[in-house]
2 protein chains.
Amino acid sequence: MAVTIKDVADRAGVSPSTVSRVIHNNPKISEETKKIVNKAMEDLKYHPNAVARSLANSSTQTIGLILPNSSDDLFTRPFFIEAMRGISIYAQNQKYNLMYCFSNSEEEEVGFIRNYINSGWVDGIVLFTARKEDKCISYLRKRDFPFVVIGEPEEGDDILWVDNDNVQSMYNVTSYLVEKGFRRIGLITGPDQFAVTRNRREGYLQALKSRKIDIDESLIRTGDSFSEETGYRCMKELIESENPPQAIASADDYLAFGAISAMKEAGILLPIVGFNNSPRAEFLSPALSSVDINPVLLGENAVELLIKSLQNKILPFKNVIVGTRLIERETTSKY
Amino acid sequence: MAVTIKDVADRAGVSPSTVSRVIHNNPKISEETKKIVNKAMEDLKYHPNAVARSLANSSTQTIGLILPNSSDDLFTRPFFIEAMRGISIYAQNQKYNLMYCFSNSEEEEVGFIRNYINSGWVDGIVLFTARKEDKCISYLRKRDFPFVVIGEPEEGDDILWVDNDNVQSMYNVTSYLVEKGFRRIGLITGPDQFAVTRNRREGYLQALKSRKIDIDESLIRTGDSFSEETGYRCMKELIESENPPQAIASADDYLAFGAISAMKEAGILLPIVGFNNSPRAEFLSPALSSVDINPVLLGENAVELLIKSLQNKILPFKNVIVGTRLIERETTSKY
DNA sequence: TTGTAGGCGTTATCAT
DNA sequence: ATGATAACGCCTACAA
């Protein structure tokens, strides 16, 4: 078997507790013995057993990520892997381990969370999406287990979360289109159960109101997914409506991709802006203007909040807003 | 604190070992006590502590994934997240946990592997790429630690790995282009240090040889990355060469994307096939023909091999070949 | 069939 | 400054 703290103690001629103290840089240990113990550890190539340590500390230094696995191709998008990478940047720096699991439904997500908590594997959990009346969130609160959400939940501000300012971002996009001279601006979004949908619509509405532009409900399409098909369908409806829009604000790039297909089919090409700055946006023809939401930073900040709260550090804020920026491309630059 | 096996034992009026036996379905336990103990477990909402269990068993039921983080945008591609999802499908089924880490270099990868092993967190490791003289592989072998590689390593067949038949796949692509009547077929690949590069080139060469077509080295471009820029540069060289190709086999979609840009710039459009069936391939104009390598299945099979070997199950094969299929799209269908 | 006791490797409390 | 001891929660000979 592997070399243990006892082996080191024997070789150094001290007790296991002394070795433990050396490992943890306990101040009241003589330089002399510290040297001897360190030598013994090197000689034996000793490495602490993290599992035993976890048992003794009742803390695993591990964070669990709950990844959704939506029916559409949501998870094939770079958002998740980018956020996971962001999370890894901060967590690895802090010597935290990362666990992940994919779920196929909200129920399954709750199941994995329950399992992570009951088994004692993780110290905290990262949720990748905030739904309306989110069962994961209510379960985690019921269990009083540390977690952070990527995306602002409706449940209030005693929850840790990070998000973009979705209201502001869509406000900016809408204003940008208004500035270009368009007044009839169509809005295509994903399902209403997601906070991101409601917030982006809110930004759209606010922008129009602040410019004294009347809201025309017939210009607002709430899709039942974030897929291209949905975007296509919504756009088609808009095109065929009595009073079609002059420009489109889309709450997601993929919805915008679908919308562009519908427009091409109809032989028109209205200015359009998407969200998430997906790789394809850049290479589409015409290249799609899109809002970069910085998923890496979302991930980093999320796990930073979580880890700091696990370490009982004082959190100046329970929430972090990550800035977005509009990447202007061909679908709007020529107007 | 959480309820332990001892609490259950007390409530059921038995010893902890009896409870443990019930949990593990030990055959020599009376139906009577089994019932009582189960009742007690439910009443107390008992859940075994996985950390304590791991310590006692010296097995964590956890697999560690080592993700590369190449300088180009490799990791933003769906391959990794898809493979991770495939891994999760099998692992979650087998009640295995998954850990992951991103590395910025081969050295860092070795560091994370060392850490995973020394800390005792994981029972086995999944490598996401096989390089020439791969340091991760040699380190894992030195430590005699269980692992599996996605991608065939050069080190031989006592290693667990899964891969596509890259030789055959590129053989098929090349043959497909030959069938269409082209004889001067250009080849664009990524760096030579990756087995996938060497194997796909081999398939290309074999296909030409089998058709008695002379190999023209000037048609073969080995890029120094898998990025679009590289593809662009390689294609430009091919176009400007004395004797340019009539069609292109590309070992990667992104290389193909870059190549298409170069062709568009030059006002030509040679037939071209890529690899990986990236989402963008479908939506490019013209849509890119590409080989679907089935990353989900690669992940599933990889972790299946690893877990079975951890469970000392007899493995009929140490390697698995996952089938590929050519998705024909506009870049070749019209020829 | 069930209980006892020791061990997994580390930490923390209490002595000394 | 260092050592002995118990504890973390579970498993598994060995005994009974």
Side-chain angles (χ1 to χ4, degrees), chain A residues 1-38 40-41 44-62 95 97 115-123, chain B residues 1-38 40-41 44-62 95 97 115-123:
Chain A
M1 288 300 298
V3 22
T4 74
I5 206 171
K6 201 162 166 304
D7 300 324
V8 177
D10 289 348
R11 175 168 245 259
V14 298
S15 77
S17 16
T18 303
V19 177
S20 178
R21 290 192 183 97
V22 172
I23 294 171
H24 293 88
N25 260 313
N26 188 314
K28 43 186 174 184
I29 210 95
S30 77
E31 283 303 321
E32 184 58 20
T33 52
K34 194 180 285 184
K35 236 174 249 166
I36 300 175
V37 171
N38 278 322
M41 293 202 292
L44 297 176
K45 292 191 208 302
Y46 167 75
H47 299 283
N49 179 310
V51 178
R53 191 176 265 183
S54 297
L55 182 60
N57 298 328
S58 49
S59 154
T60 57
Q61 302 273 106
T62 301
K95 310 287 180 216
N97 301 302
N115 201 43
Y116 271 157
I117 300 180
N118 288 340
S119 66
W121 272 128
V122 307
D123 292 347
Chain B
M1 287 300 297
V3 24
T4 75
I5 208 170
K6 199 162 168 307
D7 300 324
V8 177
D10 288 348
R11 175 168 245 261
V14 298
S15 77
S17 35
T18 302
V19 178
S20 177
R21 290 192 183 98
V22 172
I23 294 170
H24 293 89
N25 261 312
N26 189 313
K28 43 186 174 186
I29 211 95
S30 76
E31 284 302 321
E32 184 58 21
T33 51
K34 195 181 284 184
K35 235 174 253 168
I36 300 175
V37 171
N38 278 320
M41 293 202 291
L44 298 175
K45 291 193 209 299
Y46 167 75
H47 299 282
N49 179 310
V51 178
R53 188 177 270 183
S54 296
L55 181 60
N57 298 330
S58 49
S59 155
T60 57
Q61 303 272 106
T62 301
K95 310 287 180 215
N97 301 301
N115 202 44
Y116 270 157
I117 300 180
N118 289 339
S119 66
W121 272 127
V122 307
D123 293 346

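Proteins come first, then strands; the chains are lettered A, B, ... in the order of their sequence lines, and each starts at number 1. Note that the structure is a prediction, hence the values are computed from the model and not measured.
Nucleic acid contact for A:Val14: sugar-phosphate only, since backbone atoms but no base atoms lie under 4.0 Å from a heavy atom of the residue. Counting non-hydrogen atoms under 4.0 angstrom, B:Ser20 reaches a base of the nucleic acid. A:Pro48 comes within 4.0 angstrom of the backbone, heavy atoms only, and of no base.
If you check D:dA1, C:dT11, D:dC10 against the side chain of B:Tyr46, the one that comes closest is D:dC10. Which of C:dT10, C:dT2, C:dG9 sits closest to the side chain of B:Leu55 comes down to C:dG9.
Rounded to whole angstrom, the span from the CG atom of B:Asp10 across to the P atom of C:dT4 amounts to 11 Å. When the P atom of C:dT10 is taken as reference, atom CG of A:Asn26 falls 17 Å away, rounded to whole Å. We find that CH2 of B:Trp121 is positioned 13 Å from C1' of C:dG9, with the value rounded to whole Å. Atom-to-atom, CG of B:Asn118 to C1' of C:dT10 comes out at 16 Å; the value is rounded to the nearest Å. The CD1 atom of B:Ile5 sits 14 Å away from the C1' atom of C:dT2 (whole-angstrom rounding). In this structure, B:Ile23 places its CD1 atom 14 Å from P of D:dG9, rounding to the nearest Å. Rounded to whole Å, atom P of D:dC14 lies 12 Å from atom NZ of B:Lys28. What separates NE2 of A:His24 from C1' of D:dA1 is a distance of 18 Å, to the nearest Å.
Proximity of A:Arg21 to the phosphate of D:dT2: no side-chain N or O atom is located under 4.0 Å from OP1 or OP2. Listed pair A:Thr33 / D:dT2 meets the phosphate criterion, a side-chain N or O lying under 4.0 Å from OP1 or OP2. Between C:dT4 and B:Ser17, no contact under 4.0 Å exists linking OP1 or OP2 to a side-chain N or O. Within the 4.0 Å cut-off from OP1 or OP2 of C:dG3, at least one side-chain nitrogen or oxygen of B:Ser15 is found.
Of all non-hydrogen atoms in A:Lys95 and A:Gln61, the two that sit nearest each other are O-NE2, 4.0 Å.
Just one of B:Asp7, B:Ile23, B:Asn38, B:Val37 meets the side chain to side chain contact (heavy atoms under 4.5 Å, CB included) condition when paired with B:Tyr46; it is B:Ile23.
Comparing B:Thr18 and B:Ala56 along DNA chain C, the residue whose closest nucleotide (by nearest heavy atom) sits nearer the 5' end is B:Thr18. If A:Asn57 and A:Glu32 are placed on DNA chain D by their nearest nucleotide, the residue sitting closer to the 5' end is A:Glu32.
In summary, the side chains of A:Ser17 and A:Ser20 do not present any donor paired with an acceptor at a separation below 3.5 Å, with no hydrogens or angles considered.
The distance from the OG1 atom of A:Thr62 to the CH2 atom of A:Trp121 is 7.5 Å, given to the nearest 0.5 Å. Summarising the geometry, atom CZ belonging to B:Arg21 is positioned 5.5 Å from atom OG1 belonging to B:Thr18; distances are rounded to the nearest 0.5 Å.
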